There are 2 protein chains.
Amino acid sequence: MPRMRHRRLDCSPGCVVEATLSLIDGKWKGVVLYHLLDGTLRFNELRRRLPNVTQRMLTNQLRELETDGLIARKVYAQVPPKVEYSLTARGRSLQPVMAALKAWGDAHIALESNPPAVVPERPDAPSRLLDAARVGAV
Amino acid sequence: MPRMRHRRLDCSPGCVVEATLSLIDGKWKGVVLYHLLDGTLRFNELRRRLPNVTQRMLTNQLRELETDGLIARKVYAQVPPKVEYSLTARGRSLQPVMAALKAWGDAHIALESNPPAVVPERPDAPSRLLDAARVGAV
DNA sequence: CAGTATCCTATTAGATACTG
DNA sequence: CAGTATCTAATAGGATACTG
């Protein structure tokens, strides 16, 4: 596994919490991991699900997640290129953490600005409609 | 409750995860919350438990946590001043999140660099010696 | 004791343009 | 399609000095 890159450690017992956080902070990693919990996604599929992230940022975040051993990057040697991202076992093991974060958010965050009309939540509920509606297809 | 200040939202379902993360990111909040789970602490007690945080940063982080309604700040009108920080109900409700983060870290992070030789952990163990050594008494 | 105030640096993130 | 490269703006974080 490549060089891990978590935050400078403190290190009291709470340090472990910090170190774990450092792997999933950075503005987009949480969402990326969250979406990959649904399954493998290609670069632009991810992009479509994160309408506000720039290409550069998404690439960066993916690279860091990869460095941290949380996601796997599979490149298909073909034209046009195809790159798939998926969780590693280590990445999937974060599922309880993500679940805890999501549960807390659902219970405690008003989501005042953005109406939660979205909430597909079920893994089998295809949110493709959303995507289509938002980007007007590709 | 004062103006909430979480990260700019996205907002897909994973957004809730992001929003929750945004409340506990920022390099020291995790540890602060973690320590406050043990009970109320005064400003300098917290400082002693976070040997690497600057006064300014600790103040900032505490203010943000307060703004987000996660901790309460109680000022005693006396000289010398005394300020106590404790978790609010909302803050305590983060306990499962912290637990999940800690559990993951314990299971997956080597803690390669820093030996956990420190671990005073017990609230009654005075680490005053540390302070004395560092600042040459007050 | 528990902060503020300043100043300064480093890290993050965004926009935009280009490419194998 | 899935990126790089470059440049710049914003933010986070640190050092130091001062204060009610």
Side-chain angles (χ1 to χ4, degrees), chain A residues 5-10 18 21-32 40-67 71-86 131 135 137-138, chain B residues 5-10 18 21-32 40-67 71-86 126-128 131-132 134-138:
Chain A
R5 149 231 70 74
H6 32 62
R7 209 176 253 174
R8 181 157 64 273
L9 298 183
D10 179 47
E18 277 301 313
L21 271 175
S22 75
L23 298 180
I24 58 180
D25 72 355
K27 200 165 185 182
W28 302 106
K29 293 188 192 172
V31 228
V32 168
T40 298
L41 288 174
R42 297 180 59 171
F43 185 80
N44 276 357
E45 290 175 330
L46 268 169
R47 260 191 101 184
R48 254 171 254 125
R49 293 176 180 230
L50 278 56
N52 294 320
V53 71
T54 62
Q55 201 169 25
R56 190 181 97 92
M57 279 315 297
L58 183 53
T59 308
N60 285 351
Q61 305 284 286
L62 288 170
R63 289 292 124 80
E64 291 192 10
L65 289 168
E66 193 190 358
T67 298
I71 66 173
R73 178 167 178 269
K74 179 166 184 184
V75 184
Y76 293 83
Q78 61 178 48
V79 182
K82 172 177 172 181
V83 180
E84 284 183 347
Y85 293 91
S86 58
D131 274 327
V135 298
V138 79
Chain B
R5 150 230 69 73
H6 33 60
R7 209 179 255 175
R8 182 157 63 273
L9 298 183
D10 178 48
E18 276 303 311
L21 271 175
S22 76
L23 298 179
I24 58 180
D25 72 354
K27 199 162 184 181
W28 302 107
K29 292 188 191 173
V31 228
V32 168
T40 297
L41 289 172
R42 297 180 58 172
F43 185 81
N44 276 357
E45 290 174 331
L46 267 169
R47 261 190 99 184
R48 258 171 248 123
R49 293 175 179 229
L50 279 55
N52 293 321
V53 73
T54 62
Q55 202 169 26
R56 189 180 97 93
M57 279 316 297
L58 183 53
T59 307
N60 285 351
Q61 304 285 286
L62 289 169
R63 288 293 126 78
E64 291 194 8
L65 289 167
E66 193 191 357
T67 298
I71 66 172
R73 178 166 178 270
K74 179 166 186 183
V75 184
Y76 294 82
Q78 61 178 49
V79 181
K82 171 177 171 180
V83 180
E84 283 183 348
Y85 292 91
S86 59
S127 36
R128 311 301 161 92
D131 271 328
R134 195 183 308 115
V135 299
V138 80

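Because the structure is predicted, anything quoted here is derived from the model rather than measured.
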Notebook entry, point to check: Taking for each residue the nucleotide of DNA chain D with the nearest heavy atom, is it P81(B) or R47(A) whose nucleotide lies nearer the 5' end?
Noted result: R47(A)

Reckon [X] has a side-chain N or O less than 4.0 Å from the OP1 or OP2 of [N]?
X      : N       : result
R48(B) : dA2(C)  : no
R56(A) : dT8(D)  : no
K27(B) : dT11(C) : no
R63(A) : dG3(D)  : yes

Notebook entry, point to check: Looking at residues at least two apart in the chain, or sitting in another chain, which of them share a side chain to side chain donor-acceptor pair (under 3.5 Å) with R63(A)?
Noted result: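 So R63(A) forms a side chain to side chain donor-acceptor pair (under 3.5 Å) with Y85(A).
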
Checklist line | Listed partners of Q55(A) passing side chain to side chain donor-acceptor pair (under 3.5 Å), at least two apart | finding: none

Check: Just checking R42(A): base, sugar-phosphate only, or nothing, at a heavy-atom cut-off of under 4.0 Å?
Finding: sugar-phosphate

Margin query: Using a 4.0 Å heavy-atom cut-off, does Y85(A) contact any base of the nucleic acid, only the sugar-phosphate backbone, or nothing at all?
Written below: sugar-phosphate

Note to self: Treating E84(B) as the side-chain partner and T40(B) as the backbone partner, does any N or O pair qualify as donor plus acceptor under 3.5 Å?
What the structure shows: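 A pair under 3.5 Å: no.
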
Nearest whole angstrom, please: distance from the [atom2] of [N] to the [atom1] of [X].
X      : N       : atom1 : atom2 : result
N60(B) : dT6(C)  : CG    : C1'   : 13 Å
Q55(B) : dT6(C)  : CD    : P     : 16 Å
L58(B) : dA12(D) : CG    : C1'   : 15 Å

Check: Which nucleotide, dG3(C), dT4(D), dA2(D), lies nearest any side-chain atom of F43(A)?
Finding: dA2(D)

Notebook entry, point to check: In dot-bracket, 5' to 3', how would DNA chain D read with Watson-Crick or G-U wobble pairs under 3.5 Å, [ ] for crossing ones and | for pairs to another strand?
Noted result: ||||||||||||||||||||

Next item on the list: Return the 5'-most residue of the pair P80(B), T54(A) with respect to DNA chain C, ranking by each residue's nearest nucleotide.
Entry: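 Looking at the nearest nucleotide for each, P80(B) comes out on the 5' side.
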
